[in-house]
Structure formats: structure tokens, C-alpha cells
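These figures come from a predicted structure and were not determined experimentally.
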Amino acid sequence: MNNYLMGAFLFLAMSVRMLVSLGSYSGEGKEPMFGDYEAQRHWMEITYNLPAEDWYRNSSKNDLMYWGLDYPPLTAYHSLICGYVANWINPDWVKLNESRGFESYEHKLFMRYTVLVADILIYIPAVVVFCNTCLHSLDKLQQVSVAAVMLLYPGVILIDYGHFQYNCVSLGFTLWAVISLSAGYDLIGSMMFCFALNYKQMELYHAMPFFCYLLGGCCFDKKENRFLKLVKLGFVVLLTFAVCWAPFLTNKDSMLQVLSRLFPFSRGLYEDKVANVWCALSVIVKMKQMFSLDTLLKMSSASTLLCLLPSSVNLFLSPSAQRLKYALVNSSLVFFLLSFQVHEKTILVASLPVLLLLPEKPSAVVWFLQLSTFSMYPLLAKDGLVLQYVATMVLFSTTAYAMFFSEYSAAKGQNVWSQTSSRNKVCSFIFWMSCLGTGILNVAAHQMEPPKNLPDLFPVLLAAFSCMHFIIFCIYFHFLQFKLPMAKSDLRATKQRKKIN
């Protein structure tokens, strides 16, 4: 019965993805730069037609000012594979310097299918395996409930299948890394995270927890030779990076050219109206005008590192699978709130580890996931995805309520707000006030015209409102991490202690 239920939710998740993909995408029909859809198509064009050493280099055949490739090598290889398929179907789709802005129904269908294939191969299996292996303490129906909510999370669906990106790839690799480490397969977990990092540099948001977890395991693990374990981990990491970067390691200039494209500090402190601290502060303090770019970079880096240390040190001193999940949430939230060059879509990097906490803290997790999607509303509205936004939010909220806040879930002890303590009543009241606020701001942003002298009024209000929530969530998840019992040794499940069902 539970297998049929899982199959039904998988079918629902796939159907929702395909329905969202029928809508518009980033930059549709908007010359001359179009949007992220055109960026991904252009990368297929560049990688298919040019040798690897020219992918990141400005030339007459590769104008970096027109959606120049600015993601790590694995993204480029993915684009190359898609480029070969595109050329096989219709060479006009990737014709060098002649296919810019190419749009057609057939090409849109092809592009949407490339996302679906990547999702089916990497992210969706990772979700199913995580629920079946890492949540072994739950019964099968509860595992299906967690998988359903994870697969119906609107943020990833709207950005990948609406706006158009491949976040499912990097997030999927990261999830496979968590699964591997939780099962005691440190070498495989390290390799999976290296793949994630070499697909999107935003996975640096997760890098410190993985590093501290593995280093802590090497320092405090009494079951293996610590030095040998460290050497093996270092070898796997270096080998994975070497394989991914092989075409660009032929000379120093090629490697530096790629790095300069991956970290374009000249773009500024943040893009658009992102729900982080710097954008929220800019309403009162015009930081971009008061400080130089170099000063802003130093300020953001110092504040990020300072706020990152407590969670990281705590994980290093007591590395466990449960603490790793909280540290991933806290690290990614700190980066999103305080780091340099943040885009509103990068909240998805924080949303993945939050999803992993769904069985323990369903109320807080569902609330956060709703807010993370809400924070991207201006971007989605600009892409013409308001209908998809509303539909997926309603479906997600309804599913989450049915799975975690119904009478059945209350009987299982999952619904903390079903209790009658005054604290839970207060939390419930704040939650509904938050929902009311998001609803009012959504309606206002969609229906009302801002004053002429304040054209960005609603995006700024949405960003500030979301930022306030993310700060509170960051404090809350830090509190939960530090409340976990400290361990004298690595508490991870190992191959000897735990069998994967």
C-alpha cells in the first residue's frame, strides 16, 4: 500500500513539474538579453562549438558580456551534453553566434525536458533514498509523507521548471552527500559534495559544515587510523577536483580565468531586491553609496565568517549526522543573510537542509519553506509565474497540512501546535500573522501600483519582511543545534552499526 502511495506522490510531483513548465520562463521574448533560459541555451551553444579552453575566455566567438559562462566545469559539461542532443535534433538551436535568443515551442519543450531528465536522474532519487534510509525510525507512511512534502516544495519547482535553472542537480548531489555521510560512507559523501560544488559555486554555503564534520571525524574517530582517514579524504577530494578541472589545469592563466568568472565581485553586494541583511539595511543606510566595493567585500566576508564560526566549531567538536543537518541550515542561512553577491534564488541552498529537518520540526520547516518561496515572488512575478506560484503554494501547504498537521499527525506526536501549551499557542498566532502578512503583501504587489517616486516599494517590503523572518529562523536553528547533546566521539552511523534498509 505504501509503495503505491509513494508512486502516486511521485506521479503528482512529476505532473506538477510538467504543468509549471507549460508557463513562461525568464526573459521570454525580452530582447536583447532575454534571461536565464537564454543563458542556459547559450552555454549549450558555446560548449558545443568551442574547445574547453575557450569556454570561459572572451573572444570574437564568445562574448562574455552576453551571458558568459560563470558556473563551474560540471555545469559546462552538462551544457555540452545537452548541446550535442540539441544539435542532433535541430542544429539551429546551437548555431554559433546565429542562435541568440532562439525561441520556439519545440525548443522550449526540449529545454524543459533537460531539466526533467536531470531531476529524475539526481534529485528525485536522492529524496526517495533519503526518506527510506535516513528516516528509518519513522514508519513507512511517515517516510512517504516526508517525501511528498519534499518533492512538492514550490521553490525548486518554480525556479527550475518556471524561471529555468538546474538547481535540482547541485541540490541533488548535496543530498546524496548527506545520505552517504549518514550511512558512514565518508569517501563517497566527499565525492558527491565535490560534484555539487563543481556544478554550482553557491554550494560553498554548505562547504564549512561538510569540512568540519569530516575533519572532526578524523580527529575524534577512535575506530580508524585518524591520519590515514584524513589522507584518504584529501586524496578523494583532490582527485575529484582534478578530474572536474582537467581541461583548465593545463596552464595557470586558464585556471585563473575560470576562477574570475566564478567569483565576479564587480557585480556588487547583492542583486535585485534580495531578502538579506545588506538589502534590508539599504532602506535606511545607503551602503553602496557610503562604502567602496572593496570595503563592502571585507565587511560582508568578516561578518559571514564571524557568524559562521559558532555552528562550525560546535559541529567539529561533536560531529554527528543530526548536528550536520542543523549546521548545513545555519551555514547556508548565514551566507545568504551576510555574504557578498547574493541573489534571491540562492535561498534554495538553505531550503534543502531545512527540508531534511521536516520529521523533527515540521511546523518550523513548513513555515520556512513557505517564506523562502514568498521571498522570490518579485522574480517569479517578473517571469509571469504568478498563477504557478499561487497553485504550487496552495498544493504544498495543503499537502503539508494533511501530512503533518491533521488529526493523524497529531496522534503521532508530529504536530507540535496541536498541543495546548501557551508557548505553542503563541507560535501558532505568530505563524498565522506571518501568513496574513505574506498574503497582504502578495495581493498588494500584484494589484497595486507603487508611487512613481518609489517604483521598488513592494519588492523592498517583501525583501525586508522575508529578511526579518530569516534572521529569526537563523537564531532558532542555531539554538536547536546547540541544544543537541554533545558527544565525546563521532556519533555517526557507520557501516558496522547501521544497515541500509
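Take Glu103 and apply the side chain to side chain donor-acceptor pair (under 3.5 Å) test, not counting sequence neighbours, and it matches Tyr25. Scored by the salt bridge (charged side-chain N to carboxylate O under 4.0 Å, His left out) test, Asp119 finds Arg17 as partners (sequence neighbours excluded). In terms of the ring-ring contact (aromatic ring centres under 6.0 Å, His included) criterion, residue partners of Tyr205 (sequence neighbours excluded) are, by chain and number, Phe335. Under the side chain to side chain donor-acceptor pair (under 3.5 Å) criterion, Asn90 pairs with no residue at all, not counting sequence neighbours.
Of the possible polar contacts, one joining the Trp278 side chain to the Leu338 backbone as a donor-acceptor pair under 3.5 Å is found. Of the possible donor and acceptor atoms, none in the side chain of Ser331 sits under 3.5 Å from a partner among the backbone N and O of Ala327. Looking at Ser397, its side chain never comes within 3.5 Å of a backbone N or O of Val394 through a donor-acceptor pair. Here the side chain of Trp67 pairs a donor or acceptor atom with the backbone of Met33 at under 3.5 angstrom.
Relative ring orientation between His107 and Phe110 is described as tilted, the plane-to-plane angle lying within the 30° to 60° band. Ring geometry for Phe477 versus Tyr326: interplanar angle of 30 to 60°, hence tilted.
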- Task: May I have the step-by-step check of side-chain hydrogen bond (donor to acceptor under 3.5 Å, both in side chains) for Ser372 and Tyr153, ending in yes or no?
- Result: CA-CA 10 Å; Ser372 67; Tyr153 168 51; 2.7 Å; yes

- Task: Could you walk me through whether Tyr199 and His78 pass the side-chain hydrogen bond (donor to acceptor under 3.5 Å, both in side chains) test, one step at a time?
- Result: CA-CA 9 Å; Tyr199 192 87; His78 182 201; 2.7 Å; yes

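Between Thr174 and the choices Leu352, Val349, Leu197, the side chain to side chain contact (heavy atoms under 4.5 Å, CB included) rule is met once, by Leu352.
The stretch residues 452-461 participates, sequence neighbours left out, in these salt bridge (Lys or Arg N to Asp or Glu O under 4.0 Å) pairs: Lys273-Asp456. Screening residues 434-444 for side chain to side chain donor-acceptor pair (under 3.5 Å) gives Trp367-Ser434, Tyr389-Asn442, Ser434-His469 as the qualifying pairs, with residues at least two apart or on separate chains.
Minimum heavy-atom separation, Val146 to Pro359: CG2-CG, 3.9 Å.
With contacts defined as side-chain heavy-atom distances shorter than 4.5 Å, the pair Val94/Tyr84 does not qualify.
Taking a 6.0 Å sphere around CZ of Phe479, one finds it holds 12 or fewer heavy atoms contributed by other residues, nucleotides or ligands. More than 12 non-hydrogen atoms from other residues, nucleotides or ligands lie less than 6.0 angstrom from CE of Met433.
With hydrogens and angles left out, the side-chain atoms of Glu38 and Tyr66 include a donor and acceptor closer than 3.5 Å.
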